[in-house]
Number of protein chains: 2
Amino acid sequence: MEENNNNTNNDFLRGLSREERAEIMKCGTAVDLKRGAVLFRQGEPATRTFLVLEGRLKLAKLHEEGKEFLVRYIGPGELTSMIAVLQNREYPVTATAVGATLVAGWDRKRMMELMSEYPELTFNMLHHALERLEELQSRYLELHAEQVEQRVARSLLRIMRQSGRKSGDEIVIDFPISRQELADYTGTTLYTVSRTLSAWEKKGWVRSQSGRIIIVDPHALVLFSEKI
Amino acid sequence: MEENNNNTNNDFLRGLSREERAEIMKCGTAVDLKRGAVLFRQGEPATRTFLVLEGRLKLAKLHEEGKEFLVRYIGPGELTSMIAVLQNREYPVTATAVGATLVAGWDRKRMMELMSEYPELTFNMLHHALERLEELQSRYLELHAEQVEQRVARSLLRIMRQSGRKSGDEIVIDFPISRQELADYTGTTLYTVSRTLSAWEKKGWVRSQSGRIIIVDPHALVLFSEKI
DNA sequence: GTGAATCTTTGCGCCGGCGCAAAGACAGGA
DNA sequence: TCCTGTCTTTGCGCCGGCGCAAAGATTCAC
C-alpha cells in the first residue's frame, strides 16, 4: 500500500548535511504546544514560519459566518506559513495543535538569510508548495465532480495516507477527528459524514473507537472512492 | 480599482537585470501557438516549463467522464508546469492557447541549471506558487460555502482582475469565454451560468458581445459577491 | 448569402444532500 | 457514582440547482 509516516524530517531539510541541519535548527525558536493550543490565527500578521518537529497541526480556513475548510493536517518535517517569509501578509489559515506538538519557528528576516545561505531550502519549499497545489487542484475538482460519499472516502484515504498507522490488518488514524472535522475537510456536513460512516461501519469497512477512526478494509474504500 | 494586466514580465524574472533576463531567455525555446492549440496535455510526461510571453493560456484539469475544472487563465510573465522542473511527473493539467499565443520553454535540465545560477528564479517561482495556493484555498472554501450565483460573481471578478481591460466605464474581458468555461471555472453547469448572466444582463450589470463578456457595473457585482 | 454547426436560453421536473430536532452515546469532573 | 457537557446518530421535510429537451441566436465555411 502507501507509505505511512515517512515524511521523517526530510521534507524541508532534504539534501542538507547533518551539520547544516543543526546550524539551521539552531537559528529557530522552539515552541511547545498543548493539545488544542492555537499557534497562529487566520488574519493575524504573519511573522514566522514554522516547522513541525513532533505531533501534528491542523490548518483550517474560516469563511464569514461559521463554515470552515480544513485545509490539511501536517506532521513532522512539514513547514507551514511560508507566506510569512515572502511578504508581510496575514496568516491565511489558523493552525491548531491536534495533540501535544513541538514546532520550530523562524522570523522573516532569519528565514530569508537561511534561504540565501542554503538554496536547497528554497528549493524544498517550492517542491512542497507545488505538491500541495497539485493536491488542492484535485480536491477542488473532486468537490465539484463527485458525490459526497465518494468524497468522504477520498478524504479518509488521504488522511490515512498522511497520518495512518498500521495495526494488524487495520489502519488506525491515531489522532481524534470529529465528524465535524471530517465534514470540513470533505466539504459537506457532519450529518452526512455521520450517516456515511454508519453505513460503512455496517459493511465492515471502518470502525470508530474512542474518537479515533479505524479503517478496517482500505481496499474496499479505495474501490469505492474510484468507482465511476 | 484593481490593477489590470500589470503582470508585465516581472513575475518570473523579477529582480533580475536586463542582461540576466536576456541570458535566461536565450536558453529557452520559443513556441508559437495558434488559437485553440494545445501546448501540453494532462497525463503526458512533463518535460518542459513554459513562460507566457504574449497571449493567454487556459489551464484545465479533467475528471474521468466529462467534467472539467478550469484552473486558471495565465498571461504574459506567468509560468506554468513548474512541476516539470522538480520531478519527472505528468502534466497535471492541459494547457490550451486562448488566442494566438507566444511562449518560451525550458527543459528540466536547463531550468535546473538556471535555477542554481540565478537563485531569484527559484524564489520567484516559490512566491508565485504560494500565491496560487492561497487563491485556490479560497476558491475551495467558496465552492463549499457559497451559493452558485455568488460564486459566478466571484469568478467573473477574478477573471476580470486578471485579464480585464477598461473601456470607458465598463470592463471588457477581451477574450471569448463560453458559458461552459465559466461554469468549469466556477464549479457549476452551463445552464446555471446562462440563467445567472441573463438575470444580470436584465439588471444592467453585465453584457455579452460577440462571445466576450463585458462588466458594466463592477461595483454591483462586488457587492453581490460579498453579501452575507 | 445560404446552410451547417455550435453556442445560448429557458421551461420543467426531479433528487442529493442539507439542516432542524430530538434522542442516544460517551467522556470527564467532583 | 452520578451529573453535565459534548459529540453522534437518525428521522424527516424541503429546496437549490442540475440536466434534459427544444427553441432561438450566432458564427463560420464556402
Side-chain angles (χ1 to χ4, degrees), chain A residues 34-36 58 63 65-70 98-99 141-156 173 175-203 206-214 224 227, chain B residues 34-36 58 63 65-70 96 98-99 142-156 173 175-203 206-214 224 227:
Chain A
K34 292 198 207 322
R35 175 175 175 285
K58 174 180 117 174
H63 194 260
E65 305 311 311
K67 298 229 179 184
E68 194 169 325
F69 163 41
L70 208 166
V98 173
L141 181 54
E142 287 162 16
L143 182 51
H144 177 232
E146 290 174 359
Q147 308 277 88
V148 240
E149 296 208 338
Q150 207 169 339
R151 276 157 39 212
V152 176
R154 285 200 196 266
S155 298
L156 258 191
I173 294 170
F175 58 92
I177 309 183
S178 68
R179 303 294 185 254
Q180 179 67 62
E181 286 171 318
L182 196 47
D184 291 339
Y185 188 89
T186 310
T188 179
T189 61
L190 80 153
Y191 308 108
T192 301
V193 168
S194 177
R195 280 183 259 265
T196 304
L197 289 187
S198 296
W200 292 347
E201 194 145 4
K202 279 181 192 118
K203 289 187 183 182
V206 299
R207 211 148 53 78
S208 287
Q209 202 166 70
S210 59
R212 279 162 183 77
I213 297 175
I214 298 165
F224 181 83
K227 74 144 184 260
Chain B
K34 291 198 208 321
R35 177 176 172 283
K58 175 179 115 175
H63 194 259
E65 305 311 311
K67 298 228 182 185
E68 195 168 324
F69 164 39
L70 208 166
T96 315
V98 173
E142 288 162 15
L143 181 52
H144 177 232
E146 292 174 359
Q147 308 277 88
V148 240
E149 296 208 337
Q150 207 170 339
R151 277 156 40 213
V152 175
R154 285 200 196 267
S155 298
L156 258 190
I173 295 170
F175 59 90
I177 309 182
S178 68
R179 303 295 186 253
Q180 179 66 62
E181 286 172 318
L182 196 48
D184 292 339
Y185 188 90
T186 309
T188 180
T189 60
L190 80 154
Y191 308 109
T192 302
V193 168
S194 177
R195 281 184 257 265
T196 304
L197 290 186
S198 296
W200 291 348
E201 195 145 2
K202 279 183 192 112
K203 290 187 183 180
V206 300
R207 215 146 51 78
S208 287
Q209 201 165 71
S210 60
R212 280 161 182 79
I213 296 174
I214 298 166
F224 181 83
K227 74 145 184 256

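Chain letters run A, B, ... following the sequence lines, proteins first, then strands; residues in each count from 1. All values below were derived from every heavy atom in this structure, side-chain atoms included, with hydrogens, water molecules and symmetry-related copies excluded.
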Is the side chain of B/Gln209 donor-acceptor paired with the backbone N or O of B/Ile214 at a distance under 3.5 Å, no angle test?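 No: the side chain of B/Gln209 does not pair with the backbone of B/Ile214.
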Side chain proximity check, A/Ile177 to A/Val98, heavy atoms < 4.5 angstrom: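 A side-chain contact under 4.5 Å is absent here.
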Using side chain to side chain contact (heavy atoms under 4.5 Å, CB included) as the criterion, list what pairs up with A/Leu141, not counting sequence neighbours.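 Scan of A/Leu141 (side chain to side chain contact (heavy atoms under 4.5 Å, CB included), adjacent residues dropped) gives B/Lys61, B/His63, B/Phe69.
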With sequence neighbours left out, what residues match [X] under salt bridge (Lys or Arg N to Asp or Glu O under 4.0 Å)?
X        : result
A/Arg154 : A/Glu142, A/Glu146
B/Arg207 : B/Glu170
A/Glu68  : none

B/Lys58/B/Glu181 ion pair, N-O < 4.0 Å: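 Salt bridge present between B/Lys58 and B/Glu181.
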What heavy-atom pair brings A/Arg212 and A/Pro176 nearest, and what distance separates the two atoms?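 Looking at all heavy atoms of both residues, the shortest contact is NH2-CD, 3.8 Å.
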Nearest atoms (heavy-atom pairs only) where A/Ala153 meets A/Phe224: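 Result for this residue pair: CB-CD2, 3.8 Å.
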At under 4.0 Å between heavy atoms, how does the protein contact nucleotides 10-17 of chain C? Give one character per nucleotide, 5' to 3', with B, S or -. BBB----S
Nucleotide by nucleotide, 5' to 3', does protein get under 4.0 Å of the base (B), only the sugar-phosphate (S), or neither (-) in nucleotides 25-30 of chain D, counting heavy atoms? --S---
Between the two end axes of the helix from C/dG1-D/dC30 to C/dA30-D/dT1, each built from 5 base pairs, what angle do you get to the nearest 10°?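 Computed from the C1' atoms at both ends, the axes differ by 50°.
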In whole angstroms, how far is the [atom2] atom of [N] from the [atom1] atom of [X]?
X        : N      : atom1 : atom2 : answer
A/Ile213 : D/dC7  : CD1   : P     : 14 Å
B/Trp200 : C/dT9  : CH2   : C1'   : 16 Å
A/Asp184 : C/dG19 : CG    : C1'   : 15 Å
A/Arg212 : D/dT8  : CZ    : P     : 13 Å
B/Gln180 : C/dT8  : CD    : P     : 9 Å

Which residue pairs pass the side-chain hydrogen bond (donor to acceptor under 3.5 Å, both in side chains) test when at least one of the two sits in residues 183-194 of chain B, sequence neighbours left out? B/Ser155-B/Thr186, B/Gln180-B/Asp184, B/Thr189-B/Thr192
Can you list everything that forms a side-chain hydrogen bond (donor to acceptor under 3.5 Å, both in side chains) with A/Ser208? Sequence neighbours excluded, please.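 If we apply the side-chain hydrogen bond (donor to acceptor under 3.5 Å, both in side chains) test to A/Ser208, skipping adjacent residues, the hits are A/Arg179.
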